[in-house]
Asker: 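Provided herewith is a single structure, encoded as structure tokens, for subsequent inquiry.
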Protein chains: 2
Amino acid sequence: METCKVESCKHTQFKRVDELDVVEAEELSIFFKMYADATRLKILHVLFKGEMCVQCIADELDMSQSAISHQLAILKRNRIIKSRRDKKNMFYSLDDKHIELIFNAAYEHIKE
Amino acid sequence: METCKVESCKHTQFKRVDELDVVEAEELSIFFKMYADATRLKILHVLFKGEMCVQCIADELDMSQSAISHQLAILKRNRIIKSRRDKKNMFYSLDDKHIELIFNAAYEHIKE
DNA sequence: TGAACATATGAACAAGTGTTCATATGAGGT
DNA sequence: ACCTCATATGAACACTTGTTCATATGTTCA
């Protein structure tokens with residue numbers, strides 16, 4: 001691997017770009033994947049209001065309990081949301097301080 | 001669709017959650033999809049340094065010209081990057097002011 | 001115009017993803 | 001213990017995605 005031979009290419013100014021660690025790139029992509037699905041975004045958006053139980057979310061989004069539960073599991077597994085049991089219900093809520101920041105920055109972007 | 005019957009559910013405090021528009025959710029998910037792939041993240045990371053031509057990027061990431069070109073096309077189609085021709089080379093560079101903000105917020109997240 | 005180079009693109013394929021359906025698990029109340 | 005309600009989970013399926021391979025397009029320069 002060599003640096004670019006093209007003189008006009010700014011790249012020639014750098015010896016070697018310090019690589020984004022392969023593992024880090026993979027981790028980052030997994031993090032972004034959580035937001036890369038409309039259903040999950042709608043779930044997160046709903047949770048901005050506060051915690052909510054599974055069937056409530058399903059009703060809100062007019063989707064099946066199963067579909068929602070599967071997505072909640074994925075979000076929880078990736079520590080985007082957390083759960084708490086109260087009697088027969090499981091309540092889910094946000095567990096990531098960066099969500100709103102990221103969500104809003106992205107929202108700004110598509111509003112242009 | 002009714003509001004939740006569970007009394008302890010915070011949801012009961014709201015009449016009806018104002019839905020994230022279906023189209024908006026879809027647009028947002030497409031935006032995040034751009035960042036949800038390790039190859040595209042590595043490309044963007046490399047472009048933080050400045051514009052670069054296709055083969056240079058391929059060399060940097062040790063990937064085929066074709067694979068990189070396909071990804072660049074996707075990023076460009078979604079207005080994350082832009083291109084400029086100089087003689088025989090096409091130079092790509094970032095075309096989104098929110099990238100670094102989002103990238104860094106996400107990076108903060110995985111570093112915990 | 002023709003050869004050489006840089007990039008783009010289409011088809012094909014493997015791998016990954018989200019939903020549905022059926023069913024399992026687990027807590028509460030009788 | 002049993003029944004019911006709330007949620008979780010596994011298998012199957014259609015759909016999407018990223019890479020490779022082969023080739024097309026387009027630019028430069030002789």
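These numbers were taken from a predicted model, which means no experiment stands behind them. Here is how names work: the chains are called A, B, and so on, in the same order as the sequence lines, proteins then strands, and each is numbered from 1.
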Asker: Roughly, in whole Å, what's the span from CD1 in I68(A) to C1' in dA8(D)?
Answerer: 14 Å

Asker: Pull out every residue in residues 30-37 of chain B that has a heavy atom closer than 4.0 Å to any atom of DNA chain D, ordered by number, or say none.
Answerer: K33(B), D37(B)

Asker: Rounding to an integer number of Å, can you tell me how far D59(B) CG sits from dT7(C) P?
Answerer: 10 Å

Asker: Which parts of residues 71-79 of chain A get close to DNA chain C, meaning a heavy atom less than 4.0 angstrom away?
Answerer: Q71(A)

Asker: Where do M63(B) and I68(B) come nearest, in terms of heavy atoms and distance?
Answerer: CB-CD1, 4.1 Å

Asker: Mind checking S69(B) for me? I need base, sugar-phosphate or nothing, with any heavy atom below 4.0 Å counting as a touch.
Answerer: base

Asker: Is Y92(A) near enough to dA6(D) that one of its side-chain N or O atoms lies under 4.0 angstrom from OP1 or OP2?
Answerer: no

Asker: Would you compute the distance between atom CE of M52(A) and atom CG of L72(A) and round it to the nearest 0.5 angstrom?
Answerer: 11.0 Å

Asker: To check you understand the geometry: which heavy-atom pair defines the closest contact between A25(B) and L41(A), and what is its length?
Answerer: O-CD1, 3.6 Å

Asker: Answer with yes or no whether H70(A) presents, from its side chain, a donor or acceptor under 3.5 Å of a partner atom in the base of dT17(C).
Answerer: no

Asker: Kindly compute the distance separating CZ (R84(B)) from OG (S93(B)), expressed to the nearest 0.5 Å.
Answerer: 8.0 Å

Asker: For DNA chain C, report each stem as range with range, ordered by first number, or say none. Use Watson-Crick or G-U wobble pairs under 3.5 Å, at least 3 in a row.
Answerer: C:1-30 with D:1-30

Asker: Write down the distance between CE (M90(A)) and P (dG26(C)), rounded to a whole number of angstrom.
Answerer: 12 Å

Asker: Generate the contact string for nucleotides 22-30 of chain D. Rules: B means base contact, S means sugar-phosphate contact only, - means no protein heavy atom under 4.0 Å.
Answerer: B----BS--

Asker: Kindly give the heavy-atom pair with the smallest separation between Y92(A) and V54(A), and that separation in Å.
Answerer: CE1-CG2, 3.6 Å

Asker: Identify the heavy atoms of L75(A) and L44(A) that sit nearest to each other, and give their distance.
Answerer: CD1-CD2, 4.2 Å

Asker: Are any side-chain N or O atoms of R85(A) and backbone N or O atoms of K87(A), one a donor and one an acceptor, separated by less than 3.5 Å?
Answerer: yes

Asker: Given side chain to side chain contact (heavy atoms under 4.5 Å, CB included), test E60(B) with I57(B) step by step and report yes or no.
Answerer: CA-CA 5 Å; E60(B) 273 290 325; I57(B) 300 172; 5.5 Å; no

Asker: Roughly how far apart are D86(B) CG and C53(B) SG, rounded to 0.5 Å?
Answerer: 10.0 Å

Asker: Who passes side chain to side chain donor-acceptor pair (under 3.5 Å) against K76(B), sequence neighbours left out?
Answerer: S83(B)

Asker: May I ask you to evaluate whether T39(B) reaches the phosphate of dG18(D), defined as a side-chain N or O under 4.0 Å from OP1 or OP2?
Answerer: no

Asker: CD/E51(B) to CD1/I81(B) distance, rounded to the nearest 0.5 angstrom?
Answerer: 12.0 Å

Asker: Should R40(A) be listed as having a side-chain N or O under 4.0 Å from OP1 or OP2 of dG18(C)?
Answerer: yes

Asker: Is the distance from OP1 or OP2 of dT7(C) to the nearest side-chain N or O of N89(B) less than 4.0 Å?
Answerer: yes

Asker: Taking only distance into account, with no hydrogens and no angle test, what donor-acceptor pairs under 3.5 Å do side-chain atoms of residues 29-39 of chain B form with protein atoms, sequence neighbours excluded?
Answerer:
unit_1, atom_1, unit_2, atom_2, d
S29(B), OG, E26(B), O, 2.8
K33(B), NZ, A36(A), O, 3.3
D37(B), OD2, T39(B), N, 3.1
D37(B), OD2, R40(B), N, 3.1

Asker: Measure the spacing between NE2 of H70(B) and CD of Q65(B) and express it to the nearest 0.5 Å.
Answerer: 8.5 Å

Asker: How close or far is atom P of dT19(D) from atom CD1 of I57(B), stated in whole angstroms?
Answerer: 14 Å

Asker: Can you name the nearest heavy-atom pair linking I99(B) to I80(B), along with the distance?
Answerer: CD1-CG2, 3.4 Å

